[in-house]
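Here the structure is laid out as structure tokens; the discussion comes afterwards.
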Amino acid sequence: MASSSFQAPKGTRDIFAPQSTRQRTLIDLFADTVERANYGQISTPIFEEIGVFLRLGESTDVVTKEMYDFEDKDGRHMALRPELTASVVRAFVQHRPTLPWKVWYEGPQFRYEKPQAGRYRQFTQVGIEALGTSDPELDVEVISLAADFYQRLGLRDVTLLLNSLGDPTCRPAYLEALETYFRDRIGDLSEQSAVTLETNPLRVLDSKRPQDQPIIDDAPLMADYLSPELTEHFGRVRSGLDQLEVSYELSPRLVRGLDYYTLTTFEFAANALTSSQNAVGGGGRYDGLAASLGGPDTPGIGFALGVDRILLACDAEGTFPEPTTAPDVFVIDVSGANVALSLTAELRTAGFTADRAWDNRSMKAQMKASDRSGAPYGLIIGEDEVAANSVTVRDLRGDTGQQLVARDDLISTLLGLLDPK
RNA sequence: GUGGUCGUAGCUCAGUCAGGUAGAGCACCGCGUUGUGGUCGCGGAUGUCGCGGGUUCAAAUCCCGUCGGUCACCCCA
């Protein structure tokens, strides 16, 4: 803790068992959920040419203020990925897989933000992206998969917020109306919102300042400006969600932070999280992104879910507990003959998880260690056992006592007592 | 990035208001005789009181700075 010693960089943390095990379990559950829908895993580099991310939008903090960018030794301007959609679409444009293309991912992302609980400079997201069709039923599939996943985790109090942001054919008229509306009231807006208005009127809707609320409440709605086709698309998304019994709230003010979103946009808020960092996931359509990255004009939709925040929400709801990690057996060796060394290796080869005590400690100390390990059985080897070429198998959890087992029968005896992992 | 708040043993915290050079619980280690843990009893180790500077005879305690956590805004997962 002294200033001369190192600590994890601001906004980052060390995660170890059992939390790390829990995180991996969560990711496994996510993989299972989306692989049932035929999404395949994609793994992209953790850094890209910065241009890949500049398409996220010039009015977003993620791009303008929060990028971890650097020059590599050849002078290329690179950046650690602040999100994964852009990387996935870059991979799509580069490889041109057959359509529709459905992928899922997990991994760390980086944003230079001021940290807070649930907001880190390195954070983990899981997500999916699907490119190649504008079918509104794809929107429904994507959204419902996220909802399914929360449900499988045991999260109950998650609200799905839904909106349509229009597209280049109808959004400009809305933006104009919105800008005019806010300009007429700029004197009543907060200073911050007045600045935001200059770069992106849409995002003023996102302001949480009390001063802005009455003005935002009466602002024009995108829904009134959607083209007939998009109104139809949005209607089919909603009826599809109804059909699958995925409940949602229409949220006409929902504005996503990244500029590439079009049409369907959504966000999941965990109500158990009391802080303002309660968005545990979000996503939407980005029909122009592939083209803007130099590829064919291909529609796409996806979402990203914040693993760190989801786990905080699980804690708040008291669900998805940490897995208990205990070995099957724990070896106590007081023989002075190094039996533990070969015995643990033999047990592991046979499929058991096995740990042991070290440093030739006393019987009492080794028994204590075995108890603490959580293992259901302790294997005791002393001089007597060595002489009899056997092992004492002791029940550490129940009351069945202990039995002397011939070394040759040990594995089969243990197989009768527990299932190897 | 702006503002608030907190920072004492591995963990949770008391002590800070009224300055006199560190405590509790849990965890850890050992002992309770001959090879047996979990309960109990006894004993033990561990902190330059986040870091740096200032005021003072004297600072965990007061002042300034800094780093980190956290809360609100901002932003977003």
Side-chain angles (χ1 to χ4, degrees), chain A residues 1-13 56-57 59-66 82-85 106-127 146 190-193 195-196 200 203-204 206-212 254-258 267-270 273-283 303-313 330 332-336 357 359 361-375 377-386 392-399 401-402:
Chain A
M1 285 224 210
S3 65
S4 58
S5 66
F6 295 111
Q7 55 185 309
K10 180 172 179 167
T12 70
R13 28 205 199 122
L56 304 181
S59 67
T60 67
D61 282 4
V62 169
V63 168
T64 56
K65 299 198 283 198
E66 298 177 354
E83 59 116 53
L84 263 159
T85 303
E106 59 87 13
Q109 284 139 81
F110 307 85
R111 293 180 196 171
Y112 195 90
E113 295 199 84
K114 182 154 176 178
Q116 234 167 278
R119 188 167 84 176
Y120 308 102
R121 289 185 172 181
Q122 176 176 336
F123 57 100
T124 301
Q125 288 186 334
V126 295
S190 65
E191 213 173 301
Q192 186 69 41
S193 290
V195 173
T196 306
N200 188 343
R203 194 155 298 114
V204 175
D206 227 5
S207 167
K208 287 179 196 158
R209 292 164 187 274
Q211 180 187 351
D212 298 329
L254 175 66
V255 176
R256 303 283 309 150
L258 304 168
E267 197 167 292
F268 292 90
L273 292 179
T274 51
S275 78
S276 57
Q277 320 298 327
N278 71 339
V280 290
F303 63 68
L305 314 181
V307 169
D308 316 87
R309 282 187 195 176
I310 288 172
L311 289 174
L312 288 174
F330 194 95
I332 297 126
D333 180 1
V334 288
S335 69
D359 298 320
R361 299 222 284 156
S362 70
M363 177 96 189
K364 187 185 176 98
Q366 293 197 42
M367 283 302 296
K368 256 186 118 147
S370 71
D371 182 55
R372 196 163 34 221
S373 76
Y377 292 96
L379 304 183
I380 303 170
I381 301 99
E383 288 172 17
D384 295 351
E385 282 81 359
V386 170
T392 294
V393 177
R394 179 168 177 74
D395 181 3
L396 296 172
R397 298 289 153 244
D399 51 7
Q402 59 191 45

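Chain letters run A, B, ... following the sequence lines, proteins first, then strands; residues in each count from 1.
Between the A:R309 side chain and the A:G118 main chain, a donor and an acceptor come within less than 3.5 Å of each other. For the pair A:Q122 (side chain) and A:Y120 (backbone), a donor-acceptor distance under 3.5 Å is absent. Using a distance-only test at 3.5 Å, with no hydrogens or angles considered, a donor-acceptor pair links the side chain of A:R121 to the main chain of A:E113. The main-chain N or O of A:V255 is never found under 3.5 Å from a side-chain atom of A:R203 such that the two would form a donor-acceptor pair. Judged purely by atom type and a 3.5 angstrom limit, A:Q366 uses its side chain to pair as donor or acceptor with the backbone of A:D333.
Judged by distance alone, with hydrogens and angles left aside, A:R203 brings no side-chain donor or acceptor close enough to the base of B:C76 to form a pair under 3.5 Å. Between the side chain of A:Q402 and the base of B:U36, at least one donor-acceptor pair of N or O atoms lies under 3.5 Å.
Counting any heavy atom pair closer than 4.0 Å across all strands shown, A:G401 reaches no nucleic acid atom. Within 4.0 Å (heavy atoms only), A:I380 reaches at least one base atom of the nucleic acid. Residue-level contact check: A:Q211 touches neither bases nor backbone, having no heavy atom under 4.0 Å from any strand.
As rounded to the nearest Å, B:G37 and B:G32 have C1' atoms that lie 15 Å from one another. Here, B:G25 and B:G65 have their C1' atoms 35 Å apart, quoted to the whole Å. Spacing of P atoms, B:C49 relative to B:G23, comes out at 14 Å, to the nearest Å. Across B:A14 and B:A22, the matching C1' atoms stand 11 Å from one another, rounded to whole Å. To the nearest whole angstrom, the two P atoms, one in B:C31 and one in B:C63, are 49 Å apart. Across the P atoms, B:U66 and B:G1 are found 12 Å apart, a figure rounded to whole Å. Nucleotides B:U8 and B:A60 have their C1' atoms positioned 7 Å apart, rounded to a whole Å. Distance noted for atom P between B:A58 and B:C73: 46 Å (whole Å).
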Sort me out a list of protein N/O and nucleotides 70-72 of chain B N/O pairs below 3.5 Å, or just none if empty.
unit_1: B:C71; atom_1: OP2; unit_2: A:A117; atom_2: N; d: 2.7
unit_1: B:A72; atom_1: OP1; unit_2: A:S276; atom_2: N; d: 3.1
unit_1: B:A72; atom_1: OP2; unit_2: A:Q116; atom_2: NE2; d: 3.1

Measure all distances between protein nitrogen or oxygen atoms and nitrogen or oxygen atoms of nucleotides 37-43 of chain B, and list the pairs falling under 3.5 Å.
unit_1: B:G37; atom_1: N7; unit_2: A:R394; atom_2: NH2; d: 3.4
unit_1: B:G37; atom_1: O6; unit_2: A:R394; atom_2: NH2; d: 2.6
unit_1: B:G37; atom_1: N1; unit_2: A:L396; atom_2: O; d: 3.3
unit_1: B:G37; atom_1: N2; unit_2: A:D371; atom_2: OD1; d: 2.9
unit_1: B:G37; atom_1: N2; unit_2: A:L396; atom_2: O; d: 2.4
unit_1: B:G37; atom_1: N2; unit_2: A:R397; atom_2: NH1; d: 3.3
unit_1: B:G37; atom_1: N3; unit_2: A:D371; atom_2: OD1; d: 3.4
unit_1: B:G38; atom_1: O4'; unit_2: A:D371; atom_2: OD2; d: 3.1

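Partner assigned to B:U36 is none, using Watson-Crick or G-U wobble distances below 3.5 angstrom. Across all strands shown, B:G1 forms a Watson-Crick or G-U wobble pair with B:C73, both key distances being under 3.5 Å. Across all strands shown, B:C31 forms a Watson-Crick or G-U wobble pair with B:G41, both key distances being under 3.5 Å. The nucleotide B:U46 finds no pairing partner, because no Watson-Crick or G-U wobble arrangement with both distances shorter than 3.5 Å includes it. Of the nucleotides present, B:C13 is the one that pairs with B:G23 by Watson-Crick or G-U wobble criteria, both distances under 3.5 Å. A 3.5 Å limit on both hydrogen-bonding distances identifies no Watson-Crick or G-U partner for B:U61.
If you take OG1 on A:T392 and CD on A:Q402, they are separated by 5.5 Å, rounding to the nearest 0.5 Å. For the atom pair A:E106 CD and A:Q125 CD, the distance stands at 11.5 Å (nearest 0.5 Å).
Residue A:D359 contributes atom CG, which lies 10 Å from atom P of B:G30 at whole-angstrom precision. Counting to the nearest Å, the P atom of B:C28 and the CZ atom of A:R361 are 10 Å from each other. Per the geometry, CZ belonging to A:F110 stands 14 Å off C1' belonging to B:A77, to the nearest Å. The CG atom of A:L305 sits 10 Å away from the P atom of B:A77 (whole-angstrom rounding). In this structure, A:Q192 places its CD atom 9 Å from C1' of B:G1, rounding to the nearest Å. Nucleotide B:G1 holds its P atom 16 Å from the CZ atom of A:R209, rounded to whole Å. Residue A:E267 contributes atom CD, which lies 7 Å from atom P of B:A77 at whole-angstrom precision. For A:E113 and B:G1, the CD to P distance is 12 Å, given to the nearest whole Å.
A:K65 has no side-chain polar atom (N or O) that falls below the 4.0 Å cut-off from OP1 or OP2 of B:G1. Taking 4.0 angstrom as the limit, A:S207 places a side-chain polar atom (N or O) nearer than this to OP1 or OP2 of B:C74.
Both A:V334 and A:D308 sit near RNA chain B, but only A:V334 has its closest nucleotide nearer the 5' end. RNA chain B is contacted by both A:Q125 and A:T12; A:T12 maps to the nucleotide lying nearer its 5′ end (nearest heavy atom per residue).
Atom CD of A:E383 is surrounded by 12 or fewer heavy atoms from other residues, nucleotides or ligands within 6.0 Å.
Among residues two or more places apart in sequence or in another chain, the salt bridge (charged side-chain N to carboxylate O under 4.0 Å, His left out) test is passed with A:R13 by A:D308. Remark: A:D206 engages no residue in a salt bridge (charged side-chain N to carboxylate O under 4.0 Å, His left out) (not counting sequence neighbours). With sequence neighbours excluded, no residue forms a salt bridge (charged side-chain N to carboxylate O under 4.0 Å, His left out) with A:K208. Listed by chain and residue number, nothing satisfies the salt bridge (charged side-chain N to carboxylate O under 4.0 Å, His left out) test with A:D395 (two or more places apart in sequence, or in another chain).
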